[in-house]
Amino acid sequence: MKLPKAYNPSDYEPNIYQMWLDNGVFTANPSSKKPTFTISMPPPNETGTLSIGHALFLTLQDIMTRHARASGMDALWLPGTDHAALPVNAIMEKTLAHEGTNKHEIGREEFIRRTKDFVGSSRQTMLGQMRAMGASADWTRLRYTLDDALNRCVNETFTKMYNDGLIYRGARIVNWDPNLQTTISDDEVEHVDETTTFYTFKYGPFEIGTARPETKFGDKYVVMHPDDERYAQYKHGDTFEAEWINGPIMATVIKDEAIDPAFGTGVMTITPWHSHVDFEIAERHGLEKEQIIDENGNLLAIAGEFKGMNIHEARPLIVEKLRAKGLVVNEDANYQHSVAVNERGKGIIEPQIKLQWWIDVNRPVVDWNGHKRSFKEILQSVVNDGDITIIPSRFNKNYFHWIDNLRDWCISRQIWWGHQVPAWYKTGADGQQETYVGVLPPADESGWTRDEDTLDTWFSSALWTWSTLIDQDAAQNYELSFEELLKQSPDFKAYHPTSVMETGWDILFFWVARMILCTTYMTGQIPFKDVYLHGMVRAEDGKKMSKSRPESIIDPLAVIPQYGTDALRMALIMGVSPGNDQNWGQGKIEANRNFCNKIWNMARYTEGVLENNPASGNPEPSSLADHWVVMRVSEELKTIDEQIRTYHFSEAYDRLYHLIWDDVADWYLEASKAELNPALLKWVLETLLTIAHPFAPFVSETIWQELSLGDKEILATRLWPETIACDDAKAKEFETLKAIISETRVIKATLNFNGGLLKHSNSRIASDNASLITKMARLESIENTEAAMSSGIALTENNENCWLEISEEIARNYLASTEEKLADLKKGIATISARLDNPAYVEKAPEKLVSESRAQLEQLRSELVATEEQYHRFKTL
RNA sequence: GGGUGAUUAGCUCAGUUGGCUAGAGCACCUCGUUUACACCGAGGGGGUCGGGGGUUCGAAUCCCUCAUCACCCACCA
């Protein structure tokens, strides 16, 4: 025996993974003739270690990839990591602050160098963890979002969009994070609820409400709805003088439909520099805009005596001053509103007007399917036209809704870690600023200075599916045009568009939509055909795992040594449906550790049999159990294959679990002990290991290697098994046999006795399989009496004239069970005959269902007759 | 304000396009040291599928409505 009694995963996993690597099992081959299957791995951020969420996506993608490989495809799962601009930058700045310095002191070059060191070690940790999860990714094609080739793609994309007028530089209102000192996109803004004080101030003849008195210094426009009759006497453009924070000011009346007359007094003043809505009103009417708050959140000169003060300190002082002037009309301390924060770091967002780079999403100049379209229109049409399928489909609605609300995308960031904007500026002879945008710096760099900003991480991530497939060396040859580069990239030609994008629903907008946008634009192709969205893994109590509750965090790498990677993988997909969140379940991991051990012991049993009874010849079913197991395995081979292909991972897993445990382990292996068929037993084991492999790669491959199974040396390269022929009638006979054994067990358990004598009257199945029945039902013996039953308890669930010969004394105790059974049978008969008595059912339901119902009714009725006879006999005992 | 999801056994959840008398894992109860496995085997209890309407021969599944919970988007002077 090579296999020890229990499966201990950590004894085998690292070696098995290394064996796969050594044999190049995961390496794709674009020159093969096989159909291709591609997944671009969503690159994890290089900020630390793998989370349970990473473990989930690695499992799902690995199942798909291994299944594709087994389906005879050239499967490429392309791995990578993300430079994670904003989070990494924040970590670095914090580290520098700790050391008493900052990025400006050490300079850009040194900053980049130190950041590379940091992410380098973090990357190695993460790659090791991904391998520990069993990820069958092609590590020879490992990519990084800051690779030189990707940088070229970034510059190509930026330049092309700039030349097409789709990227522009403009002073617009942005989401400014004073903590991280950068702009962020709309999608990175999160709203958190807050209770604050809502003030109502007197402002000339009006009363205005605000939660932010500190922004009000420069307010000189008072806005109301044009149809608000309370203010009908004031005309658009009227001016008036009002006493305000730092003395009298001239104010102008503006009428605008953005104002809700029902809110507060229906009048407000605006601060265009620090509010999105106010900015839009000011733009509509061509109003002046003035900055009040600087980039650190301090008040500017316009605040007079408050100049230089932080807004939070200044707020109460400003209110105090207004109160002293008698301008405070009302204060509501329980005002509920939400405040915008950066989802990274939770810094409060201060809108500012800044000169930034933007992508225009509304300009219809992009060629797509022969039409000039805007980015918005392309995003809509690829999903509407079915080029891309989102799974589950309910996310279509979210996706379209997001597009409808999409505004121009601010892509520049005031941080150093990332792809630098490929734009250069110089002041020309006439004093005007010139701008140069290009893939390469200007030919003569003298006088030009490069834009200091970097691009939003998602801008480079948006190029991920194809930038990773272009020839990495050719990308450095700038003689080649971008189109030539694509043509000369074998991987791009073989593997793009990719087959499926598997990712979390939380980055549908951030990433999936932006990949579609940039990829259709640059390559003329969709990035992927299907989008499969998984949910979040939450803590066992249903709440988010969070750093503030360290005990809530499940570390996948801590689970693996104790339970094994396979158990972790299966726990993560068990009972989980696409797009739905799941709670971590300790019970699930234990159940799957046990399942792995079950597989192990199924192999161990087979190993023992084969040692004494070497398999010879082709596997062919002989006994009833053989025919039955071949039938069951063949059915499930097809179904599980289909389920994986259609992304029903949980159901595929469920079928595998019960096939192995219930059908094979509990029935077939036990039955085989009565009538050995070593060749078939071996076939069953090999087949089950092959279909279990995508789910449980380690235990299946370990057994394969330890027992030197199969026609191939490595299970990971084996094709999905073929079915073999069986006799359906014999398989059905085994079902009858199962019924005899099960019912015998039930009677024995109900009456709680051991042994027992089973008699039958010329049952061929019972006499042919006497030893099997005796063994599995744990009987004393079995005999054919030829005579009809006269005493004991009849088995009524089959038509084989079998009965348990036991004393009338004990048999009478079965009366209660018989009564229950009678009730159940009558209920079942009532249900089905009611259905059949309904002419509409017989007429409209499919013929197959109707005939099934008839057969079922027939069966129940004969069972009822037998049970009733028995019942009356017991009554008279 | 707009939207999505959830509500199924004590707990955590599956349940493809409506179709066998509604399932799993865990937990629970009874029995069992059968040489693959106690990380086991055999048997069992437990649900009017959130409430109410409707469509249909047939509804956990489709439609309407209400309730509770979670989340997303927008707004917030």
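Here is how names work: the chains are called A, B, and so on, in the same order as the sequence lines, proteins then strands, and each is numbered from 1. All values reported here derive from a predicted model rather than from experimental measurement.
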*Sorted by first residue and then second, give each salt bridge (Lys or Arg N to Asp or Glu O under 4.0 Å) pair with at least one member in residues 638-650 of chain A; sequence neighbours left out.*
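Residue pairs passing salt bridge (Lys or Arg N to Asp or Glu O under 4.0 Å), neighbours aside: A/D641-A/R645.
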_Spacing of A/T639 atom OG1 and A/L656 atom CG [to the nearest 0.5 Å]_ =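 Answer rounded to 0.5 Å: 12.0 Å.
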Base, sugar-phosphate or nothing for [X]? Non-hydrogen atoms, less than 4.0 Å.
X      : result
A/Y335 : sugar-phosphate
A/L669 : base
A/A603 : nothing
A/K673 : base
A/L3   : nothing
A/K748 : nothing
A/Q643 : base
A/V277 : sugar-phosphate
A/R593 : base
A/E852 : nothing
A/E607 : nothing
A/D666 : sugar-phosphate

For [X] and [Y], which I'm curious about, is there any donor-acceptor pair between the side chains at under 3.5 Å?
X      : Y      : result
A/D187 : A/W511 : no
A/Y221 : A/D256 : no
A/N592 : A/D566 : no

Identify every side-chain donor-acceptor pair in residues 824-834 of chain A under 3.5 Å, counting partners at least two apart or on other chains, and give the distances.
residue, atom, partner, partner atom, Å
A/T831, OG1, A/K827, O, 2.9
A/S833, OG, A/I829, O, 2.6

Greater than 12 external heavy atoms within 6.0 Å of [X]'s [atom1]:
X      : atom1 : result
A/E190 : CD    : yes
A/N754 : CG    : no
A/E780 : CD    : no
A/K775 : NZ    : no

*With a 6.0 Å cut-off on ring centres, are A/F201 and A/Y199 close enough?*
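Yes, ring centres under 6.0 Å apart.
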*Sort and list the pairs that fulfil ring pair (Phe, Tyr, Trp, His ring centres under 6.0 Å) and have at least one residue in residues 593-613 of chain A, not counting sequence neighbours.*
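The answer is A/Y7-A/W600, A/Y12-A/W600, A/F595-A/Y657.
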Tell me: [atom1] of [X] to [atom2] of [N], nearest whole Å?
X      : N     : atom1 : atom2 : result
A/F395 : B/C73 : CZ    : P     : 12 Å
A/M602 : B/A36 : CE    : C1'   : 10 Å
A/Q586 : B/U12 : CD    : C1'   : 13 Å

Rounded distance in Å between the [atom1] positions of [N] and [M]:
N     : M     : atom1 : answer
B/U21 : B/A59 : P     : 12 Å
B/C71 : B/G32 : P     : 50 Å
B/A60 : B/A9  : C1'   : 14 Å
B/G3  : B/A74 : P     : 16 Å
B/G52 : B/A14 : C1'   : 27 Å
B/C49 : B/U8  : P     : 11 Å
B/G5  : B/G15 : P     : 14 Å
B/G25 : B/U17 : P     : 24 Å

*When the nearest nucleotide of RNA chain B is assigned to A/M1 and to A/R745 on a heavy-atom basis, which residue is associated with the more 5' position?*
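That would be A/M1.
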*In terms of the nearest nucleotide of RNA chain B, which residue is placed more toward the 5' end: A/A258 or A/R394?*
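Closest to the 5' end, via its nearest nucleotide, is A/R394.
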For nucleotides 8-11 of chain B, tabulate all protein N/O to nucleotide N/O atom pairs closer than 3.5 Å, reporting atom names and distance.
none

*N or O in side chain of A/W505 less than 4.0 angstrom from B/G5 OP1/OP2*: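 No, no such contact exists.
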_Check the phosphate of B/U4 against A/K397, side-chain N and O only, distance under 4.0 Å to OP1 or OP2. Yes or no?_
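So the side chain of A/K397 is within the cut-off, an N or O lying under 4.0 Å from OP1 or OP2 of B/U4.
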Whether the side chain of [X] engages the backbone of [Y] through a donor-acceptor N/O pair (distance < 3.5 Å, no angle test) should be reported.
X      : Y      : value
A/K376 : A/L406 : yes
A/D408 : A/V361 : yes
A/K598 : A/I660 : no

Is any NZ, NE, NH1 or NH2 atom of the basic residue among [X] and [Y] found under 4.0 Å from an Asp or Glu carboxylate oxygen of the other?
X      : Y      : answer
A/K673 : A/E670 : yes
A/E636 : A/R655 : yes
A/R284 : A/E257 : no

What nitrogen or oxygen pairs link the protein and nucleotides 22-30 of chain B at under 3.5 Å?
residue, atom, partner, partner atom, Å
B/A24, O3', A/H658, NE2, 3.4

*Contacts of A/L751 that satisfy side-chain contact (heavy atoms from CB on, under 4.5 Å) - sequence neighbours left out*: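 side-chain contact (heavy atoms from CB on, under 4.5 Å) check on A/L751 returns A/I747, A/F753, A/I793, A/I806, A/I810, A/N813, A/Y814.
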Between the protein and nucleotides 56-62 of chain B, are there any N/O to N/O pairs under 3.5 Å, and if so, what are the atom names and distances?
residue, atom, partner, partner atom, Å
B/C57, OP1, A/K844, NZ, 2.0
B/C57, O2', A/N838, ND2, 2.5

*Watson-Crick and G-U pairing of RNA chain B written in dot-bracket, each distance under 3.5 angstrom, with | for inter-strand partners*: (((((((..((((.....[...)))).(((((.......))))).....(((((..]....))))))))))))....
*Go through the structure and list residues passing salt bridge (Lys or Arg N to Asp or Glu O under 4.0 Å) with A/R854, not counting sequence neighbours.*
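Listed in chain order: nothing, the list is empty.
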_salt bridge (Lys or Arg N to Asp or Glu O under 4.0 Å) partners for A/D219, two or more places apart_ =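 A/D219 satisfies salt bridge (Lys or Arg N to Asp or Glu O under 4.0 Å) with A/K216 once adjacent residues are dropped.
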*Hey, does the Lys NZ or Arg CZ of A/R212 hover above the aromatic six-ring of A/W273, less than 6.0 Å from the centre and inside 45° of the axis?*
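No, a cation-pi geometry is absent between A/R212 and A/W273.
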_Measuring from the side chain of A/R538 (C-beta onward, heavy atoms only), which nucleotide among B/A70, B/C73, B/A36 has the closest atom?_
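The listed nucleotide nearest to A/R538's side chain is B/A70.
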*Is there a donor on the side chain of A/K5 or the base of B/C37 sitting less than 3.5 Å from an acceptor on the other?*
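Side chain to base: no pair present.
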*asked:* Using a distance-only criterion (donor-acceptor N/O pair, under 3.5 Å, no hydrogens), is the base of B/A42 paired with the side chain of A/E670?
replied: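 For A/E670, whose side chain was compared with the base of B/A42, there is no donor-acceptor pair (under 3.5 Å).
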*Residues of residues 576-584 of chain A with any non-hydrogen atom less than 4.0 angstrom from an atom of RNA chain B: list those, numerically ordered, please.*
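Those residues whose heavy atoms fall under 4.0 Å from RNA chain B, taken from residues 576-584 of chain A in numerical order, are A/S577, A/N580, A/N583.
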*Strand contacts (RNA chain B) in residues 184-200 of chain A, 4.0 angstrom heavy-atom criterion*: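 Per residue number, the list reads A/H191, A/F198.
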